[in-house]
Q: 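Let me give you the structure first, and then I'll get to my questions.
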Amino acid sequence: MNEHLLRAVGRRPDAEAYAVLVRLTGPDVPGGVWTAAEGVADPGTGEPAGPLHGFRIGGVTKVFVATVLLGLVGEGALDLSDPVERLLPGLLHPGITVRQLLDHTSGLADESDVRYNDTAWFLAHRNDTFTAHERLALPRRLPLAFAPGTRQQLTRANYEVVALIIERITGRGYAREIEDRVLRPLRLSATSLPGTDPTLPDPHLRGYDLGVDVTEHNPSIHGPAGEMISNLPDLDRFLVALVGGELLPAAQTEELFRLPGVAHVRGHAGYAAAGLDRLVLPDGVEVWGMAGVVHGALAGMVTTRDLRRRLTYAVSPTERGTERLPPVGQRLLAAAFSERFWPTARMIPGAVAPDGDG
């Protein structure tokens with residue numbers, strides 16, 4: 001039994017989280033699927049958390065956006081080496097390329113007038129509607145943090161511009177392209193782009209930050225860097241299709257894993273490729289995926305390169321915190337990928353989506 005994974009899921013609710021959902025899938029998993037749901041979906045009513053509850057996925061949205069852009073590259077509509085200036089004249093520094101947006105080496109400042117990381121600001125403005133222009137205004141005004149292509153720094157501004165490029169090329173917004181290229185072909189019925197709709201489809205996890213219910217807020221505050229809603233089976237299906245080459249040609253699938261070979265601004269090696277992040281666990285296991293954090297929700301999808309072991313998870317934390325991958329997420333990853341066997345004590349019958357393991 002994997003006692004480490006049971007401890008990572010924990011007994012919820014507690015001081016760290018109201019609920020934790022976990023889904024492990026793949027050939028390495030006994031039975032193909034292991035699912036755990038611990039805690040309450042709604043602390044007010046005591047509704048228990050279930051394996052099919054929906055949640056906001058935050059920054060995992062960027063992987064869907066990158067998939068659309070890479071698909072357009074595969075169709076010959078543009079090249080990753082194209083300067084953004086050619087596609088969106090006058091928007092950014094002329095030296096920035098499309099690839100540098102995807103792998104966060106553009107040099108755009110990690111700042112915005114839309115201060116989504118500031119809890120007090122978020123609580124005051126969570127019902128406001130924001131445009132791409134408003135979310136991009138400050139990084140456009142500020143000088144570059146470094147010369148394009150020389151360092152790596154993750155910033156939502158990069159994917160704001162990627163979304164504008166998608167609209168420039170297709171004549172349609174990024175949401176419509178994601179729906180037509182990813183959600184409908186894969187039949188991801190629990191996944192959506194709400195735009196300005198503050199609600200989530202039932203059933204869903206409620207989200208809190210510092211005791212305030214922030215479940216319903218205007219997702220335009222996140223835009224293409226974080227607006228989407230999904231559930232665990234849909235994220236796993238998307239991950240399998242993406243990494244397995246079902247959504248992109250081989251050359252563009254490889255771009256998901258192509259690291260830029262420069263240092264992160266904090267000194268360590270760059271870890272973001274064109275859509276997925278690389279993480280090497282303490283025991284040397286390499287995994288790829290994305291985590292997303294917004295107020296009231298933490299979500300992620302992670303896999304080995306060969307798809308033999310995959311993790312999707314969602315957490316309703318008691319507060320947003322400041323870390324890109326909070327401790328509960330770190331513990332889930334370490335336990336899921338550092339062990340070969342998983343317990344059956346909390347297996348939930350019928351937790352698999354109708355289309356199976358995908």
Q: Which pairs, with at least one residue in residues 74-86 and sequence neighbours excluded, count as a salt bridge (Lys or Arg N to Asp or Glu O under 4.0 Å)?
A: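 Listed once each, the pairs are Glu75-Arg181, Asp82-Arg86.
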Q: With a 4.0 Å cut-off on N to O distance, would you call Arg278 and Glu286 a salt bridge?
A: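 Yes, Arg278 and Glu286 are salt-bridged.
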Q: In Å, rounded to the nearest 0.5 Å, how long is the span from CG of Asp110 to CG of Leu142?
A: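 Output value for this atom pair is 10.5 Å.
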Q: Would you say Leu102 ends up clustered with Val243 if hydrophobic residues are merged whenever their side chains have heavy atoms under 4.5 Å apart, either directly or through other cluster members?
A: yes
Q: Are side-chain heavy atoms of Leu242 and Leu256 found at a separation under 4.5 Å?
A: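 The answer is yes; the side chains approach within 4.5 Å.
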Q: Drop me the distance from Leu276's CG to Arg258's CZ, to the nearest 0.5 angstrom.
A: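 Between atom CG of Leu276 and atom CZ of Arg258 there are 14.5 Å.
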Q: Charged N to carboxylate O below 4.0 Å: is that the case for Asp180 and Arg176?
A: yes
Q: How many angstroms lie between atom OG1 of Thr253 and atom CG of Leu70, to the nearest 0.5 angstrom?
A: 8.5 Å
Q: Between the side chain of Arg187 and the main-chain N/O of Arg184, is any donor-acceptor distance below 3.5 Å?
A: no
Q: I'd like to know if the side chain of Glu227 pairs up with that of Tyr174 as donor and acceptor (distance under 3.5 Å, no hydrogens or angles considered).
A: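 Present: a donor and an acceptor within the cut-off.
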Q: Do the rings of His217 and His222 sit parallel, tilted or perpendicular, given the 30° and 60° boundaries?
A: perpendicular
Q: Run the salt-bridge test on Arg23 and Asp234 with the 4.0 Å N-O cut-off and return the result as yes or no.
A: no
Q: Please report the C-alpha distance between Val33 and Leu24 in whole Å, then the side-chain angles of each, then the deciding distance to 0.1 Å, and finally whether the side chain to side chain contact (heavy atoms under 4.5 Å, CB included) criterion is met.
A: CA-CA 6 Å; Val33 182; Leu24 282 163; over 6 Å; no
Q: Taking Arg99 for the side chain and Thr105 for the main chain, is one N or O donor matched with an acceptor at less than 3.5 Å?
A: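 Checked: no pair found.
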Q: Could you tell me whether the side chain of Gln330 and the main chain of Leu325 form a donor-acceptor pair under 3.5 Å?
A: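 Checking the backbone N and O of Leu325 against the side chain of Gln330, a donor-acceptor pair under 3.5 Å is found.
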Q: Should Arg135 and Glu160 count as an ion pair when the cut-off is N to O under 4.0 Å?
A: yes
Q: Are the side chains of Asp103 and Glu255 in touch, meaning some heavy atoms are under 4.5 Å apart?
A: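 No, their side chains stay 4.5 Å or more apart.
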Q: Should Leu193 and Leu247 be regarded as members of a common hydrophobic cluster, given that ILVMFWY residues are connected when their side-chain heavy atoms come within less than 4.5 Å of each other, either directly or indirectly?
A: yes
Q: Where do Leu333 and Leu281 come nearest, in terms of heavy atoms and distance?
A: O-CD1, 3.8 Å
Q: Is the side chain of Gln152 donor-acceptor paired with the backbone N or O of Val265 at a distance under 3.5 Å, no angle test?
A: no
Q: Do the charged groups of Arg115 and Glu111 touch, with an N to O distance under 4.0 Å?
A: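 Judged by the 4.0 Å cut-off on N to carboxylate O distance, Arg115 and Glu111 do not form a salt bridge.
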Q: Does the Arg309 side chain pair with the main chain of Pro27, one donor and one acceptor, at a distance under 3.5 Å?
A: no
Q: Do Leu332 and Leu5 have side chains that approach each other closer than 4.5 Å (heavy atoms only, starting at C-beta)?
A: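 Leu332 vs Leu5: side chains touch.
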Q: Would you give the length of the straight line joining atom CD1 of Ile57 to atom CD1 of Ile229, rounded to the nearest 0.5 angstrom?
A: 9.0 Å
Q: Linking I/L/V/M/F/W/Y whenever their side-chain heavy atoms sit closer than 4.5 Å, directly or via other members, would Val294 and Met290 fall into one cluster?
A: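 Cluster IDs for Val294 and Met290 differ.
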Q: Membership question, hydrophobic clusters at under 4.5 Å side-chain separation (ILVMFWY): are Leu78 and Tyr159 in the same one?
A: yes
Q: If you define the side chain from C-beta out and look only at heavy atoms, does anything of His295 sit under 4.5 Å from Arg126?
A: no
Q: As an exercise, state the distance from CG of Leu92 to CG of Leu144, rounded to the nearest 0.5 Å.
A: 8.5 Å
Q: Mark yes or no for whether Thr97, through its side chain, and Ser81, through its backbone, hold a donor-acceptor pair below 3.5 Å.
A: no
Q: Just verifying a value: how many Å separate Phe130 CZ and Leu136 CG, rounded to the nearest 0.5 Å?
A: 13.5 Å
Q: What verdict does the salt bridge (charged side-chain N to carboxylate O under 4.0 Å, His left out) test give for Glu177 and Arg172, after you've listed the backbone C-alpha separation in whole Å, the side-chain angles of each residue and the deciding distance to 0.1 Å?
A: CA-CA 7 Å; Glu177 291 295 322; Arg172 308 193 308 170; 2.8 Å; yes
Q: If you define the side chain from C-beta out and look only at heavy atoms, does anything of Pro194 sit under 4.5 Å from Thr199?
A: no
Q: Can you hop from Val22 to Leu279 via hydrophobic side chains spaced under 4.5 Å?
A: yes
Q: So does Glu254 pair up with Arg305, basic N to acidic O under 4.0 Å?
A: yes
Q: So, Ser220 side chain and Gly223 main chain: donor-acceptor pair closer than 3.5 Å or not?
A: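 Not at all, since once roles are kept as given, no pair shorter than 3.5 Å links the two residues.
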Q: Kindly indicate whether the side chain of Met228, heavy atoms from C-beta on, has any atom under 4.5 Å from the side chain of Ile178.
A: yes
Q: Classify the ring geometry of Phe257 against Trp288: parallel below 30°, tilted from 30° to 60°, perpendicular beyond 60°.
A: perpendicular
Q: Write out all pairs satisfying salt bridge (Lys or Arg N to Asp or Glu O under 4.0 Å) with one or both partners inside residues 206-220, taking only residues at least two apart or from two chains.
A: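 Pairs touching residues 206-220 that pass the test: Arg206-Asp213.
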Q: Looking only at the side chains, is there a donor atom on one of Asp202 and His204 sitting less than 3.5 Å from an acceptor on the other?
A: yes
Q: Just wondering, do Leu88 and Arg168 contact through their side chains at under 4.5 Å, heavy atoms?
A: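 Of all side-chain heavy-atom pairs linking Leu88 with Arg168, at least one is under 4.5 Å.
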Q: Can you confirm if the aromatic rings of Phe238 and Phe64 lie within a centre distance of less than 6.0 Å?
A: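 Aromatic pair counts; centres sit under 6.0 Å.
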Q: Taking the six-membered ring for Trp and the single ring otherwise, decide whether the centroids of Tyr271 and His268 are under 6.0 Å apart.
A: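 Here the rings of His268 and Tyr271 have centres that are less than 6.0 Å from each other.
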Q: With no hydrogens and no angle check, do the side chains of Asn158 and Ser106 hold a donor and an acceptor under 3.5 Å apart?
A: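 Short answer, yes.
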Q: Is there a donor-acceptor contact under 3.5 Å from the side chain of Asp14 to the main chain of Ala17?
A: yes
Q: For the side chain of His125 and the backbone of Phe122, is there at least one donor-acceptor N/O pair under 3.5 Å apart?
A: no
Q: Start with the C-alpha gap between Leu108 and Ile96, add the side-chain angles, then the distance that decides, and say whether side chain to side chain contact (heavy atoms under 4.5 Å, CB included) holds.
A: CA-CA 9 Å; Leu108 289 177; Ile96 296 173; 4.2 Å; yes
Q: So, do Thr191 and Arg237 sit near enough that their side-chain heavy atoms are less than 4.5 Å apart?
A: no
Q: Passes side chain to side chain contact (heavy atoms under 4.5 Å, CB included), Met301 versus Val63? Steps please.
A: CA-CA 10 Å; Met301 59 179 194; Val63 187; 3.7 Å; yes
Q: Take Phe55 and Val315 through the side chain to side chain contact (heavy atoms under 4.5 Å, CB included) test and state the conclusion after the steps.
A: CA-CA 9 Å; Phe55 45 84; Val315 178; over 6 Å; no
Q: Where do Asp113 and Ala137 come nearest, in terms of heavy atoms and distance?
A: OD2-CB, 3.8 Å
Q: Closest heavy-atom contact between Ala37 and Pro51?
A: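 The pair with the smallest heavy-atom distance is CB-N, 4.0 Å.
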Q: What are the two closest non-hydrogen atoms of Ala49 and Leu21, and how far apart are they?
A: CB-CD2, 3.8 Å
Q: Nearest heavy-atom pair of Val60 and Ala299: which atoms, and what distance?
A: CG2-O, 4.0 Å
Q: Would you say the side chains of Asn218 and Thr196 form a donor-acceptor pair under 3.5 Å?
A: no
Q: Which heavy atom of Leu311 sits nearest a heavy atom of Ala336, and at what distance?
A: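 Where Leu311 meets Ala336 most closely, the heavy atoms are CD2-CB, 4.1 Å.
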